[in-house]
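Keep in mind that what you see is a predicted model, and the values were worked out from it rather than measured.
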Amino acid sequence: MPQESNQYSLESLRSLNPDLNLPNANNVIKLCNWNDSLAKGNMQWRAPYDSLMQDSLSLVQMERELVRMDAALVQYFLNPTILNYFKVKAQFSMSKGPIDSMSAYTKELHAILRELAVEYSDYPLAYSLQNRLHAIEFSEWMEADRLQAAEFDSLQQVIEKVENNSMEELVFSRNQTMQWHIIAVIGIGAVIILISLLLIFRLRWKRQIIQLTDKVNDKSEEETLVQKLEQARREISELRVVAKKKVEPALSDAISPLPAGASVSATEIAQWNDQIQQALVKIKSHCEAGKSTMGVPTYMSILNDTGRLSSLVQQKSEELIALLNAKKDTK
């Protein structure tokens, strides 16, 4: 039995537009909103509405038919008269795209037109729309049944494959039971042998670690080496001293002793001073030659001490010479 026409609404029809996968869906939504404004007498959108409807790049033919169908339904729901019904019917007959599709939008549109046709006693159109709805539902049912049958066939094939594989595995396992027993015995024997080898290697390894630990803790060889190094260092130092004594003449032999008593003369004091100064010069030259092997503080200390000794000897020599000259003058 037909239901009341107010069961269906334009909002529910518009909500199904995304099911059509329109290429310019935003433009369609904009034009449908302008349909509401134009139907209520707000003509400010007339110029952009006509421009957008005529633009072939902004809309395809199916989108134009959908917008015109929406405009006719807006006019009817705003003023439900027989004249507006015939406008909706005429536009529906020209809308091939929405009519021929199998979408939810098409089903909703056919249901709305069927209720309007019943309301205005247009039974031929209502009958054809009802048959179209039955055909769509039957096609959907057949598609669902086909998918279920395909899924059932797929499951049946999987079950048969599993059963065949299970039987093959059962036969194979029965034939291989003895072999698995033999393999298991061999495996257990191999594991026992490996465990035995690991225990033997572990005992040897522990014995080697203990021996190495004893060698590390034994300090006798290290102490012996240290003593030998100390002895070698002392011998090298003694050899250096002996070699230095052989190469360098003794300073005591190079410097004549200062004459004692009152027979010393100024000339002898001057000669003695010269000998000391020459010895100090040799010491300085040896320091210069060996400064690369000695520390800077040691080198500077030797030079400073040698310089102070030279100045002191020079000063004392001059004082003795002056004293002797003064005594000669007095006589």
Side-chain angles (χ1 to χ4, degrees), residues 1-41 43 45-46 48-143:
M1 296 295 293
Q3 300 177 359
E4 297 293 334
S5 60
N6 56 9
Q7 179 186 3
Y8 302 97
S9 64
L10 189 59
E11 287 75 12
S12 62
L13 181 64
R14 288 178 177 178
S15 65
L16 299 175
N17 286 345
D19 294 341
L20 298 173
N21 296 321
L22 301 174
N24 303 292
N26 293 331
N27 292 336
V28 172
I29 294 174
K30 184 186 298 184
L31 290 169
C32 289
N33 293 332
W34 285 348
N35 283 335
D36 295 334
S37 299
L38 295 175
K40 295 177 182 179
M43 304 303 291
W45 307 111
R46 172 55 64 183
Y49 182 92
D50 294 338
S51 177
L52 186 60
M53 286 291 288
Q54 296 173 3
D55 189 358
S56 60
L57 298 179
S58 300
L59 294 174
V60 297
Q61 182 62 29
M62 181 177 178
E63 292 172 338
R64 291 190 183 88
E65 294 174 356
L66 189 147
V67 172
R68 293 190 183 103
M69 191 72 237
D70 183 85
L73 289 172
V74 168
Q75 289 287 344
Y76 174 81
F77 284 114
L78 189 64
N79 186 16
T81 61
I82 186 66
L83 179 61
N84 286 333
Y85 165 72
F86 281 114
K87 290 180 179 180
V88 171
K89 181 179 178 181
Q91 184 60 46
F92 178 77
S93 63
M94 293 186 295
S95 300
K96 297 297 182 182
I99 293 175
D100 295 338
S101 67
M102 302 290 289
S103 62
Y105 177 88
T106 301
K107 291 175 61 178
E108 185 75 8
L109 181 62
H110 279 69
I112 292 176
L113 266 293
R114 181 192 60 187
E115 301 306 324
L116 295 179
V118 171
E119 184 175 352
Y120 290 97
S121 300
D122 190 357
Y123 296 113
L125 179 60
Y127 182 74
S128 64
L129 291 172
Q130 185 65 42
N131 289 337
R132 176 62 176 168
L133 287 172
H134 286 165
I136 294 174
E137 291 177 356
F138 181 77
S139 177
E140 292 177 349
W141 180 82
M142 289 295 294
E143 180 66 17

Chemist: The test is side chain to side chain contact (heavy atoms under 4.5 Å, CB included); show your working for Val88 and Met69 and say whether it passes.
Modeler: CA-CA 7 Å; Val88 171; Met69 191 72 237; 3.5 Å; yes
Chemist: Should we count NZ of Lys30 as having more than 12 external heavy atoms under 6.0 Å?
Modeler: no
Chemist: Is there a side-chain contact between Leu16 and Thr106 in this structure, where contact means two heavy atoms from C-beta onward sitting under 4.5 Å apart?
Modeler: no
Chemist: Quick check: do Asn79 and Gln75 have side-chain heavy atoms less than 4.5 Å from each other?
Modeler: no
Chemist: Under the side-chain hydrogen bond (donor to acceptor under 3.5 Å, both in side chains) test, which residues partner Asn131, sequence neighbours left out?
Modeler: none
Chemist: Rounded to the nearest 0.5 Å, what's the gap from CZ on Phe86 to CG on Leu116? Could you check?
Modeler: 12.0 Å
Chemist: For the residue pair His110 and Phe92, does the interplanar ring angle fall in the parallel (under 30°), tilted (30 to 60°) or perpendicular (over 60°) class?
Modeler: perpendicular
Chemist: Hey, is the main chain of Val60 close enough, under 3.5 Å, to the side chain of Glu63 for a donor-acceptor pair?
Modeler: yes
Chemist: Would a 4.5 Å heavy-atom cut-off, applied to side chains only, mark Leu22 and Asn27 as touching?
Modeler: no
Chemist: Hey, could you give me the CG/CD1 distance between Leu13 and Ile112, rounded to the nearest 0.5 Å?
Modeler: 4.5 Å
Chemist: How long is the span from the OH atom in Tyr120 to the CD atom in Glu115, to the nearest 0.5 Å?
Modeler: 13.0 Å
Chemist: Under the criterion side chain to side chain contact (heavy atoms under 4.5 Å, CB included), which of Leu52, Val28, Ile29 is the partner of Val67?
Modeler: Val28
Chemist: What's the spacing between Lys89 NZ and Ile82 CD1 if we round to 0.5 Å?
Modeler: 9.0 Å
Chemist: Between Cys32 and Arg14, which heavy-atom pair has the shortest distance, and what is it?
Modeler: O-NH2, 3.2 Å
Chemist: Arg64: which residues meet the salt bridge (Lys or Arg N to Asp or Glu O under 4.0 Å) condition with it, sequence neighbours left out?
Modeler: none
Chemist: In Å, rounded to the nearest 0.5 Å, how long is the span from CG of Leu38 to CG of Leu31?
Modeler: 9.5 Å
Chemist: When rounded to the nearest 0.5 angstrom, what is the spacing between CG in Leu109 and CZ in Arg114?
Modeler: 12.0 Å
Chemist: Look only at the side chain of Arg68 and the backbone of Met94, and say whether a donor-acceptor pair between them is shorter than 3.5 Å.
Modeler: no
Chemist: Is any side-chain heavy atom of Tyr49 closer than 4.5 Å to a side-chain heavy atom of Asn35?
Modeler: yes
